[in-house]
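Keep in mind it's a predicted model, so treat the numbers as computed, not measured.
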Amino acid sequence: MSSTGPRQLLNNLRSDALALTTQIVRATYREVWREFYKWEQEDSRRALASLPAQRASERVGRAAPSHLRVPSANPADWERAAARPDVGGVSAVADASFTLEVHSFGADGAPTVETLVPTVYQVTDALGACPPYESCAPIDVNIFHGDDPEEMAFVPMADDDTFPRGAFLEQHESLAWQAPRFDPNQNAIILETAYRLHYERGISLAHVDETGVLPCMLTDPQGVLAMAAHRDILDWPGSSHKSYPPIWRVVVPHAPDTLRASLENHLKLFCPNLSCVKALCSLHNYEPPAVLSPKHEALAGQDTTYEVPIDACGEDCYLERLDTDAIPPWSDADIDDLRVILQVDPHSIPCDLAYLCRKPCYEVRTERFVNLRRIWNSVRFRHSLLYLAKISANSADHNHTSFTPNAPCSHPGPCNEASKCACYLNKAHCERNCRCSLDCVRRWRGCRCTRSKNNKKACLEKCPCRIANRECDPELCLSCEAQYFGSQLCRNSQVHKARRKAIEVKSSANGLGAFLLEGAEKGDLVIEYVGELIYEPTFDARGFFDRCLLTFEMHSILSTHRGRSYVYGLDHELNVDSTFAGNESRFINHAPGKKANCAVSIKLVNGDHRIGVYAKKRILAGAELFLDYGSEFFDKV
């Protein structure tokens with residue numbers, strides 16, 4: 001017998017099994033679909049019939065609340081305006097050429113129809129034309145946007161006949177309304193189909209996906225089953241979700257119920273960057289690294305000493321109980337909880353740990369000492385190799401034109417090529433949120449600048465942070481008082497402290513301009529240029545078109561039609577665009593060379609590149625602000 005015989009037989013069996021599974025899935029999907037929409041129609045009729053009945057005349061005659069009424073939409077206001085001779089362009093005409101029919105339903109479901117003859121108010125010149133304007137969402141920090149979607153949400157400049165809509169449509173693959181959206185009815189049907197196939201028919205979710213009958217993949221970690229884990233399931237008569245265990249457990253694994261897992265889930269919601277320190281950060285698009293290291297040596301490099309309490313916490317306090325020989329053994333979960341608490345607060349005293357661990361104080365003190373000693377013995381040799389491997393840090397994060405900040409590194413061992421450290425590969429210094437050791441040779445050490453004898457300020461031209469094109473770190477640069485928001489000693493932490501000037505936007509010789517409301521000295525931060533952080537492809541799409549090539553390809557028709565662009569290069573990957581979101585800095589106009597009273601400087605602030613607009617010279621209050629856009633900007637206009 002040839003070797004292809006059994007293999008061919010196995011393939012035939014698999015094909016037959018797939019065909020049979022496909023029939024079962026299709027029949028179950030059709031069955032649930034019909035049951036659901038049969039119930040949905042009856043439920044909709046009952047919902048409409050349960051609405052309170054009200055006659056149309058009562059509904060029409062009722063006046064809207066005063067805080068919701070628009071004066072120009074009030075018929076009485078229009079009648080008074082039409083009767084006044086000093087208000088031109090408003091006249092009331094009873095137009096019987098068309099009527100309005102108001103349909104209502106009584107308590108018994110019987111319909112009634114009421115015919116209304118409308119009064120038409122003709123307005124010709126009562127309202128003046130609104131001057132053209134651009135909308136811009138006000139923000140005070142950058143927002144990460146990335147790339148624009150390939151689908152177009154709407155056609156801009158709808159009231160401008162000169163806007164080339166055809167060419168603009170060709171730059172997009174589709175329209176937003178053509179993309180599939182979330183359908184709660186369909187998701188309820190798919191969810192019930194999955195329940196019946198998995199628990200009643202015994203078909204795995206992977207085999208259901210293999211048939212390709214359902215419009216989505218059940219095993220998708222971001223699919224229907226994953227969403228059902230975070231939503232209330234529709235309880236309709238045909239649903240069977242209450243009769244079986246939650247089916248999304250197959251796709252979404254159950255998180256371990258431990259102190260470590262609970263703390264990590266809560267801490268990951270907050271961005272640890274010093275510029276944010278808030279939940280659901282809109283600037284950093286990477287997931288924060290694990291705050292609590294699962295490795296035991298995370299405690300080895302920390303100072304775990306504590307201050308001995310004066311008074312005992314109780315009869316089980318370690319100050320009172322010296323008989324530590326008869327301590328019952330702790331479980332692995334209890335020991336891990338103790339290590340997690342010590343990672344958060346390594347200086348915790350045994351009296352406080354006793355409340356957190358729910359153990360006697362004398363037991364906690366003994367376990368604390370035993371575990372820390374075991375950790376130090378296990379990593380002592382490894383740490384000696386780490387110190388021998390120290391090398392000078394080769395970094396390139398001082399040049400924003402060739403460097404883009406990376407996510408904080410998180411890996412075992414030292415920061416080198418062997419550990420595939422993100423900071424090492426990107427030639428960057430390790431920042432505060434990196435999970436490497438605090439004595440890592442790649443960490444930035446800050447400055448030691450102090451007040452000079454002839455100057456009342458610190459961190460001037462010779463500051464190491466300023467030379468490296470970064471602002472002083474509030475956790476490292478302690479001598480210059482960069483950590484104190486009220487201190488004005490440090491001259492290299494203005495962006496972090498948001499020490500900007502008050503600015504007013506009003507009409508100027510160039511349309512709208514930015515005017516200073518308070519005086520500024522040379523080197524003062526006037527304002528930070530903020531907007532959406534976009535990648536290079538989106539920058540090309542939002543920039544100007546090339547007049548030399550006379551083509552719109554890969555260039556923004558929208559910016560060209562407006563005649564201006566608000567995109568500012570940040571580094572070799574990201575750009576800041578304040579077209580749709582920004583602050584007063586987007587209204588700073590251009591002035592060539594020495595006529596510009598402001599200049600831009602891009603610095604690394606708490607691990608992020610940020611654009612600061614600084615005063616080139618002393619600027620008096622009331623003066624308009626100007627920047628030199630540079631020749632490259634006007635070469636593209």
Side-chain angles (χ1 to χ4, degrees), residues 140 275 398-401 446-474 477 479-506 508-510 513-530 568-570 576 578 582-606 608-631 633:
D140 54 1
S275 298
H398 62 280
N399 187 2
H400 68 88
T401 60
C447 71
R448 300 295 182 267
C449 301
T450 57
R451 189 191 311 271
S452 61
K453 296 182 179 180
N454 300 327
N455 201 315
K456 297 182 179 180
K457 302 295 181 181
C459 300
L460 301 176
E461 288 77 9
K462 296 183 180 180
C463 173
C465 299
R466 185 183 290 270
I467 295 175
N469 286 330
R470 61 167 62 216
E471 279 202 351
C472 291
D473 193 303
C477 307
S479 59
C480 65
E481 300 181 358
Q483 71 273 29
Y484 300 122
F485 275 82
S487 174
Q488 300 186 19
L489 175 62
C490 179
R491 290 287 288 172
N492 192 39
S493 58
Q494 300 182 76
V495 175
H496 167 70
K497 296 180 179 180
R499 200 174 296 279
R500 50 157 290 181
K501 303 298 180 180
I503 295 176
E504 179 185 15
V505 178
K506 59 183 181 180
S508 68
N510 301 304
F515 294 80
L516 203 60
L517 294 180
E518 56 180 315
E521 299 296 330
K522 180 179 179 180
D524 285 352
L525 174 69
V526 177
I527 193 173
E528 180 186 0
Y529 193 89
V530 298
Y568 203 106
L570 186 63
V576 179
S578 62
N583 58 9
E584 300 95 327
S585 61
R586 70 193 296 272
F587 296 99
I588 300 179
N589 290 313
H590 164 76
K594 297 181 179 180
K595 294 184 179 181
N597 52 15
C598 295
V600 167
S601 178
I602 301 178
K603 294 183 179 181
L604 202 62
V605 182
N606 298 326
D608 297 325
H609 279 142
R610 297 170 69 174
I611 304 174
V613 180
Y614 298 87
K616 292 176 58 178
K617 53 186 177 181
R618 186 179 184 183
I619 308 176
L620 300 178
E624 184 177 0
L625 303 175
F626 292 100
L627 277 172
D628 188 355
Y629 292 175
S631 59
F633 178 86

Among Ile611, Asn606, Val605, the one residue meeting side chain to side chain contact (heavy atoms under 4.5 Å, CB included) with Val495: Val605
Heavy-atom check, side chain of Ser585 versus side chain of Ser578, under 4.5 Å: no
Side-chain donor/acceptor of Asn583 to backbone N/O of Asp140, under 3.5 Å: no
Validation row: Cys449, Pro464 side chains within 4.5 angstrom (heavy atoms): yes
Side-chain touch Asn469/Ile602, heavy atoms, less than 4.5 angstrom: no
From Arg448 atom CZ to Cys465 atom SG, the distance as rounded to the nearest 0.5 Å: 9.0 Å
Between OH on residue Tyr614 and CZ on residue Arg500, distance to nearest 0.5 Å: 13.5 Å
Sub-4.5 Å side-chain heavy-atom contact between Leu517 and Ile503: no
Whether Glu481 side chain and Ala458 backbone form a donor-acceptor pair below 3.5 Å: no
Flag, side chain of Arg499 to backbone of Leu525, donor-acceptor distance under 3.5 Å: no
Check: Ala468 main-chain N/O paired with Lys603 side-chain donor or acceptor under 3.5 Å: no
Nearest-0.5 Å distance that lies between atom CZ in Phe587 and atom CG in Asn510: 13.5 Å
Over all atoms of both residues, closest heavy-atom pair of Val613 and Ile588: CG1-CD1, 4.2 Å
Donor-acceptor contact present, side-chain Asn597 to main-chain Ala615, <3.5 Å: no
Distance in Å, Arg466 CZ paired with Cys490 SG, rounded so as to fall on 0.5 Å steps: 8.0 Å
From Arg470 atom CZ to Cys463 atom SG, the distance as rounded to the nearest 0.5 Å: 11.0 Å
N/O donor-acceptor pair under 3.5 Å between Glu528 side chain and Arg610 backbone: no
Minimum side-chain heavy-atom gap Cys598-Ile527 below 4.5 Å: no
Which atom of Ala482 lies closest to which atom of His496, heavy atoms considered: O-CD2, 4.4 Å
Distance under 6.0 Å and angle within 45° of ring axis: Lys595 vs Phe626: no
Parallel, tilted or perpendicular: ring planes of His609 versus His400, cut at 30 and 60 degrees: perpendicular
Side chain proximity check, Cys472 to Cys447, heavy atoms < 4.5 angstrom: yes
Side chain to side chain contact (heavy atoms under 4.5 Å, CB included) evaluation trace for Asp628 with His590: CA-CA 5 Å; Asp628 188 355; His590 164 76; 3.2 Å; yes
Minimum-distance pair of heavy atoms, taken over all atoms of Ala514 and Glu584: CB-O, 4.0 Å
Ion pair Asp524/Arg491, N-O distance below 4.0 Å: yes
Gap separating the CG atom of Leu627 from the OH atom of Tyr529, nearest 0.5 angstrom: 9.5 Å
Lys522 and Arg618, any side-chain heavy atoms less than 4.5 Å apart: no
